[in-house]
Amino acid sequence: MSDEQPLDVFAARRQKLTELRAAGVEPFPWVFSGAEPIAAVRERHADLEVGVETSVSHRVAGRLAARRGQGKMAFLDLVDRSGRIQLQARVDELGAQRMELLLSLDLGDIVGVDGVAFNSRRGELSLRVTGFEVLAKSLRPPPDKHHGLTDVETRFRHREADLLASEEARALFITRARMISAIRRYLDQNGFIEVETPILQPLYGGAAARPFVTHHNELGRDLYLRIASELYLKRLIVGGLERVYEIGRNFRNEGVSHKHNPEFTMIEYYEAYADYLDVARRFEQLMAFVTREIGYEGPVDFQRPWHRETLAGSIERRTGIDIERHRDRESLGAAMAAKGLPVPETDTWPQLVDELVSKHVEPTLVEPTLLMDYPVEISPLAKRHRDDPRLVERFEAFVNGMEVANAFSELNDPDDQRERFEQQRALAASGDEEAQPYDESYIRALEYGMPPTGGIGFGIDRMAMILTGQRTIREIVLFPAMRD
RNA sequence: GCCGUCGUAGCUCAGCUGGUAGAGCAGCGGACUUUUAAUCCGAAGCGCGUGGGUUCGAGCCCCACCGACGGCACCA
């Protein structure tokens, strides 16, 4: 140890690394077998009384999180994914040399420990260390052991630091994972099969959004990153797979906000011989199942059916404008202007409707709500309503003022689909950058005959936000988009 | 893209109306058969986001840029 120049925190750790090697200790060994989760140890001794010693030995592994005391006896905290446990280090147990080695370890080092369980005088379940092994030297100081990491930028850019410092952060992503696996379980149990469709697509579609474009060198052509998996999944319904789902990443080249990340995880599932009302029931069932499975205890009741209202009714109720009476841009624009609402010049009729919904309806939909029956103009892939050809059989689901799902009776008439694409083409020509491109190959698929089908897509990230009570999507995406 | 706020030691934060920077934790040295965020003593550690400018003097004032956050715009 040099005695003139003070070591900074990084240099001190490097020096300890060197000293470990000099002492014949491998700072990065290959394996540590037989460790049990700390939570399992705690469970085993849950009813151990204060001050009582056992003769049960346990092997655990994790990160050194705190140290109290030194000299002849010290306490250390070890943390693994399942929890935290106190270690008691005693010189009479370990001998002077091993004791010194153990106490010379840095917070953040990964350690494997054998120890005997006992309950301390203060009533804390602890392991008296009988043996230990350095499993990985940490060369970078961990965040403050008490305050943790609070700088959001650092938390998102270096999520590992956030996770290693924060049990809450770990719990959040564990809940997210359990949510996804519960969704899979539900669908698997109900006859759905999981499939994978292209992310790199020659033509994008299935949603209203601007895509990312990339390039394939060998094929010598541009490809799009998918904005949805819808069209491919419905081709699988044509193919007779009957019930399919895909959980995967979609990419939309749009703004970033507390509810938008440029890449996000979406699940879509399609069920042959079902309509959108079946889909609505199944969606409610699925949400009830998932929230039970993850032990959701938030403020929203997902065990009940969702509120339902029609889209047109929801707009009229809140703005007094009846979009069914104003079915062209001119007329709707005038009606909005009459109410003193702004009417963006370049907006097409569908965009004005979208404006009314997102500004005046969506924010009010805090309780789980399904908005039913959308105008055909803004739903080019949905089947016409059986009672009103100007509408489609479609619903969107909302919670906490946020859209979480979009579903419909799928359009399976290839001629009608062709006309819808034509309309989209016209919208694109009038400046709608999100109009859906004409997909000939999809029409061709429909011509083989697609059974009546119900389908839905919903955002996993937004669902996770709602079920974990997070305000922003960045909290629930491990590595959210950041500028360079 | 626009407006506002913010960017100080590894981490969490102070820094009054401009006078060349501090604390706690962590780290380092030492003491103590000891604990539950912080035992005690001691010695360290900061290019104050980047680049300009004003000033005798700038972490504090001005400009530009970068990044983050919030709002708006945009966006299922």
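To find a chain, count down the sequence lines: A is the first, B the second, and so on, and within it residues start at 1.
- In the set rU35(B), rG27(B), rU33(B), the nucleotide with an atom closest to the side chain of Arg122(A) is rU35(B).
- What you find for Tyr270(A) and Gly455(A) is that their closest heavy atoms are CD2-CA, 3.5 Å.
- Between Tyr245(A) and Tyr269(A), the distance separating the two ring centers is not shorter than 6.0 angstrom.
- The listed nucleotides are rC74(B), rG10(B), rG70(B); the one nearest the side chain of Val9(A) is rG10(B).
- Taking a cutoff of 4.0 Å between a charged side-chain nitrogen and a carboxylate oxygen, Arg42(A) and Glu124(A) qualify as a salt bridge.
- With a 3.5 Å ceiling on both atom-pair distances, the Watson-Crick or G-U wobble partner of rG67(B) is rC6(B).
- If you measure from atom CG of Leu87(A) to atom P of rU34(B), you get 19 Å, rounded to the nearest angstrom.
- Side-chain to base pairing of Gln86(A) with rU35(B): one donor and one acceptor N or O lie within less than 3.5 Å of each other.
- Between the C1' atom of rA9(B) and the NE2 atom of His147(A) lies a distance of 15 Å, rounded to the nearest Å.
- Here the side chain of Thr150(A) is nearest to one of rU12(B), rA37(B), rC11(B), namely rU12(B).
- What separates CG of Leu125(A) from C1' of rU35(B) is a distance of 15 Å, to the nearest Å.
- Screening Lys145(A), Arg68(A), Arg67(A), Arg63(A) against Asp77(A) for a salt bridge (charged side-chain N to carboxylate O under 4.0 Å, His left out) leaves a single residue, Arg68(A).
- With rounding to whole Å, Met73(A) atom CE is found 11 Å from rC32(B) atom C1'.
- Checking rA68(B), rU34(B), rC75(B) against every side-chain atom of His260(A), the shortest atom distance belongs to rC75(B).
- At a cut-off of 3.5 angstrom, the base of rG24(B) holds at least one donor-acceptor pair with the side chain of Asp144(A).
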